[in-house]
Amino acid sequence: MAFMDRMYERARGSGAKLVFPELDEPRVAEAAARLGAEGLCEPLALSDVSEAQVAALVSARGMKEAMARRLLAKPLYRAAAMVAAGEADGMIAGADAPTRRVIEAAAMAIGPAEGIAVPSSFFVMLFPDGREMVFADCAVNVAPDAAQLADIALASARSGEALLGAARVALLSFSTGTSGAGDSVEIVREAAERAGFSGPVQADAALNPQIAAKKGAGAGDANVLIFPDLDAGNIAYKLCQELAGAQALGPFLQGFRRPVCDLSRGARVEDIVASAVVTAAMG
């Protein structure tokens, strides 16, 4: 079964309640209506401020109640607080808001997943030969240090397990093992040690069993690729789209306690539906 077919099947059985804080945007409204009509999720508009939302912000961040109520006047924060309070299972935003605002609201109200300090993003990459992969981070962290890169790897492993069924993680570099040196290699090496995954490893060794065997780099069957910085990740996923005909789904945010989807501001209705379906399937 193809990836999106599996996601649609899982979404229909999830009963996920997803809050859309931008329902006044025509594309979002049309997508939400389609999602509800097809039973893919229960789309929610912003609710009135509830005591549970206030309590979620107060308890999560130790802020004063008056500050919590001021934040809840902002749609993104109220949507995130609905998730934190258990009134919604996930949040779909970003059609009108920049990524940093979606991340700020999610970080403040929903908070980081256990063992994760830095939010990040990933793409699901679907290749014409049937391969399904997770690429991270391709949209958020410009130059992660070793601790941040380890967090990206750990969060991506969870995303891979949730969506692909298994996560075989490789932290990529221009060097495999001890064959090269330099600041970027050492960052990847430390991150791999912190996270407990393979790295540093070159892309061919991460993906090709014969090359991996020659270089002593594991099985060569990675399906979750962690790039050393945003330059590498963003370039790689776009090259795969243009040269290999891969379909890139996302970016999806990760590293939060509950699913959060950051839409592209140029997203079409079909893109919003697909993003919501994957988000519902992750819940």
Side-chain angles (χ1 to χ4, degrees), residues 60-61 80 94 98-125 133-163 167-207 215 217-218 222-240 248 250-262:
R61 296 301 171 197
T99 295
R100 69 181 182 278
R101 299 302 182 202
V102 178
I103 290 176
E104 287 170 0
M108 181 69 73
I110 299 171
E114 184 177 354
I116 304 295
V118 61
S120 57
S121 71
F122 70 93
F123 281 90
V124 176
M125 302 297 296
M133 307 192 73
V134 164
F135 280 20
D137 180 358
C138 302
V140 174
N141 294 283
V142 176
D145 60 24
Q148 293 169 332
L149 196 59
D151 272 6
I152 292 168
L154 290 167
S156 300
R158 296 174 189 176
S159 298
E161 289 169 358
L163 295 175
R168 301 180 296 277
V169 183
L171 282 81
L172 302 182
S173 172
F174 68 81
S175 168
T176 295
T178 58
S179 67
D183 290 345
S184 65
V185 178
E186 295 311 313
I187 288 173
V188 175
R189 191 186 318 282
E190 182 182 340
E193 291 172 355
R194 285 172 175 260
F197 299 125
S198 175
V201 59
Q202 291 165 287
D204 55 354
L207 298 171
K215 296 188 175 184
N223 66 347
V224 177
L225 300 184
I226 310 302
F227 296 91
D229 56 34
L230 190 56
D231 274 339
N234 193 272
I235 290 168
Y237 100 80
K238 290 182 182 294
L239 283 175
C240 289
F252 299 97
L253 296 181
Q254 60 183 2
F256 298 109
R257 288 194 180 97
R258 300 297 300 163
V260 178
C261 180
D262 173 42

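Predicted, not measured: the structure shown is a model, and the values here were computed from it.
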Test log, rule side-chain contact (heavy atoms from CB on, under 4.5 Å), inputs Q254 and V134: CA-CA 12 Å; Q254 60 183 2; V134 164; 5.6 Å; no
Pair L154-F197, side-chain contact (heavy atoms from CB on, under 4.5 Å): steps then yes or no: CA-CA 9 Å; L154 290 167; F197 299 125; 4.0 Å; yes
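Side chains of D262 and T99: a donor on one and an acceptor on the other come within 3.5 Å.
Summarising the geometry, atom CZ belonging to R189 is positioned 10.0 Å from atom OG belonging to S184; distances are rounded to the nearest 0.5 Å. With values rounded to the nearest 0.5 angstrom, F122 atom CZ is found 13.0 Å from I152 atom CD1. Atoms CG and NZ, from D204 and K215 in turn, are 4.5 Å apart once rounded to the nearest 0.5 Å.
Pairing each heavy atom of P144 with each of I187, the nearest pair is O-CG2, 3.9 Å. Minimum interatomic distance between A136 and S156 (heavy atoms only, all atoms of both residues): CB-OG, 3.2 Å. Of all heavy-atom pairs between Q202 and F174, the closest is NE2-O, 3.2 Å. In terms of heavy-atom proximity, A80 sits nearest to A105 at CB-O, 3.5 Å. When every heavy atom of A155 is checked against every heavy atom of S120, the shortest pair comes out as CB-OG, 4.4 Å. Closest non-hydrogen pair, V142 versus D229, comes out as O-CB, 3.3 Å.
Checking side-chain atoms of N223 against main-chain N and O of R168 turns up a donor-acceptor pair under 3.5 Å. Using a distance-only test at 3.5 Å, with no hydrogens or angles considered, a donor-acceptor pair links the side chain of D137 to the main chain of A139. Checked by atom type and distance alone, the side chain of R257 pairs as donor or acceptor with a backbone atom of I110 at under 3.5 Å. At distances below 3.5 Å, at least one donor-acceptor pair connects side-chain atoms of Q148 with backbone N or O atoms of D145.
Counting only heavy atoms from C-beta outward, the side chains of F256 and I103 approach each other to under 4.5 Å.
For Y237 and F123, the ring centers sit closer than 6.0 Å to each other.
Between R100 and E104, none of the side-chain N atoms (NZ, or NE/NH1/NH2) sits under 4.0 Å from a carboxylate O, so this pair counts as no salt bridge.
For the side chain to side chain contact (heavy atoms under 4.5 Å, CB included) test with V201, the passing option among L172, L225, I226 is L172; the others fail.
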